[in-house]
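Computed from a prediction, not measured in an experiment: that's the story for all the values here. A note on names: the letters A, B, ... follow the listed sequences, proteins ahead of strands, and every chain is numbered from 1.
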Number of protein chains: 2
Amino acid sequence: MTKPEQDRNISSSFAKGLAVLAVFDAATPSMTLAEIARRTRQDRATARRGALTLVQAGYLRQQGRMLSLTPRVLALAGGFLQANQFGRRVQPILNQHARKIDAEVSLATLDQGRVLLLAQSTTEHGPITYGFTAGAHIPLVHTSLGRMLMACLAQEEAAALLESADIPQHTEQSRRDAAEILPQITKARSQGYCLTDSEFEPGIIGYAVPVSRPGQTPVVVGSSAPRGSDTGKNTEALLQALQICAADLRQTNVVEDL
Amino acid sequence: MTKPEQDRNISSSFAKGLAVLAVFDAATPSMTLAEIARRTRQDRATARRGALTLVQAGYLRQQGRMLSLTPRVLALAGGFLQANQFGRRVQPILNQHARKIDAEVSLATLDQGRVLLLAQSTTEHGPITYGFTAGAHIPLVHTSLGRMLMACLAQEEAAALLESADIPQHTEQSRRDAAEILPQITKARSQGYCLTDSEFEPGIIGYAVPVSRPGQTPVVVGSSAPRGSDTGKNTEALLQALQICAADLRQTNVVEDL
DNA sequence: TTGACTTGGTTCGTTATACGTACTTATGAT
DNA sequence: ATCATAAGTACGTATAACGAACCAAGTCAA
């Protein structure tokens, strides 16, 4: 037939099941079977089998007709975090610098065109907290982390990614034109850091610098602070602190291969 | 035939694939195909299909003949953490009390008979850090967290769990006899807290108190500190702080249903 | 060197199994 | 009541997962 040569090395049922697990994100923490089927574009019966299998495996729990994730999914992430020594090597560095600059410091990478938060300092001092956690997806085009990540890519890749991304309007200052944003990315790449001003949260300036070396999987660290009177002076200090943080992280070699 | 009546609602291929994903834990962060097959007790060809599917889905990466987890698994955990407001509600509470008592505070639950770390304060002050992260499995029988978790179960359940658990010898002080440990659990249940002394790390005292209400899924918070001259006085203060921490967590209602 | 062993990859016939349609039974809102 | 949506059940069919058998390449010991 005109069948697209189904790869015998790939288990399609497994792939479909994984898709079911993956639809549970921050936006939709608990869903009905019908909803899962719709979002995964799977047949209801198929989605149901996948979901019930996940329930039996302990990754989903069913209360009434709603399905939601169980803590067991954390164990999957735990494997990654432990393997890469996040607890022992990464987190201390983030915390140390966070305390120094008195603001939250975040480590992020790209995951299927979205910004994936890998780790985050969790000292209490920071004036702002968005409530993000490791594993959270954050906006791509209007955050310093996202733009710096795109700047880690080659120009064409960044342009393509930006093109395919949707551009929401978080604040009045959010730039909405890709033609206006791309130069910002180019600039970030050449100067080695990225600043955003009020494009995600009004009055908040975002700072980000790269951690990964050119060619590697993009990884960046960033922070944010409210715009104040001494912003100019602070910017200098913050960026410098982030650069040191990035250097410390590079030395651990844990971000070598993500 | 004598077939064990395979449930038509469960996708066995999917379940097998999940098993492949789950073998990647802290002990074995990267494995070969043959190793995966052995540990999952699957046919080599079957394990290979599962692993390749995971690679294609982006959860595993292949370098040479070694397979390891990608950061994408964090996104799965992120769904759970965001859904339960860990970043916004849980983490701040843990940090706050950690700072007060100047030690790491951990939140844990039971997952298939093992202790699963849900979250952890990450202030830098604490004198000791084991490098555990959210999603890590920690010892069950020789930690205060583990024993307090067992104490949250009914006596028979706890006994059964203890019976089935293996009892390693982390230190010279590690009690190795279940008949000696069970009373400790009973005691923890009746007095509402649990202490362990040097059974996991020499010279370290572990403290834990329950968070969940009786009947709910067991959840506990705990901390640890080196044994000092003023231990007795500290114990009082630490336990009290943990109790308050637990009460604060209860008020958030986020641990209601895990 | 040889030989025994492990690993990764491929092929392929068989059969188990996942699929999806169709139908029935809840649930809930208007 | 009706209409709409969700969940559960059943089953015939097509397919896709299975695992045995195979080859090739590497590893280690004798």
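- Closest to the side chain of A/Ala45, from the set C/dT21, D/dA6, D/dC18, is C/dT21.
- Contact annotation: side chain of A/Arg48 to base of C/dG20, donor-acceptor pair absent below 3.5 Å.
- One finds a side-chain N or O of B/Ser12 lying less than 4.0 angstrom from the OP1 or OP2 phosphate oxygen of C/dA18.
- Distance, B/Arg41 CZ to D/dG19 P: 15 Å, rounded to whole Å.
- At whole-Å resolution of the value, CG in A/Asp43 and P in C/dA22 are 11 Å apart.
- Remark: the B/Arg8 side chain and the D/dA10 base include no donor-acceptor N/O pair separated by less than 3.5 Å.
- Whole-Å rounding puts the B/Arg65 CZ to C/dG9 C1' distance at 11 Å.
- Nucleotide C/dA18 holds its C1' atom 14 Å from the CG atom of A/Leu52, rounded to whole Å.
- Checking the phosphate oxygens (OP1, OP2) of D/dA17, a side-chain nitrogen or oxygen of A/Ser13 falls inside 4.0 Å.
- With 3.5 Å as the limit, one finds a donor-acceptor pair spanning the side chains of B/Asn9 and A/Arg48.
- Between A/Ser174 and A/Phe200 the shortest side-chain heavy-atom distance does not fall below 4.5 Å.
- Under the side chain to side chain donor-acceptor pair (under 3.5 Å) criterion, B/Arg114 pairs with B/His137, not counting sequence neighbours.
- The CG atom of A/Leu116 lies 7.0 Å from the OG1 atom of A/Thr109; values are rounded to the nearest 0.5 Å.
- B/Ile10 comes within contact range of the sugar-phosphate backbone alone, with a heavy-atom separation under 4.0 Å but no base atom that close.
- Within the 4.0 Å cut-off from OP1 or OP2 of C/dT7, at least one side-chain nitrogen or oxygen of B/Arg38 is found.
- The side chain of A/Thr46 lies closest to C/dC19 when the candidates are C/dC19, C/dT7, D/dA6.
- Distance CZ (B/Arg49) to C1' (C/dC12): 12 Å, rounded to an integer number of Å.
- Between A/Asn9 atom CG and D/dG19 atom P there is a gap of 16 Å when expressed in whole angstrom units.
- Summarising the geometry, the separation between CD on B/Gln42 and P on D/dA17 is reported as 13 Å, rounded to the nearest angstrom.
- Judged as a ring pair (Phe, Tyr, Trp, His ring centres under 6.0 Å), and not counting sequence neighbours, the contacts of B/Phe80 are B/Phe86.
- When the P atom of D/dA16 is taken as reference, atom CZ of B/Phe14 falls 17 Å away, rounded to whole Å.
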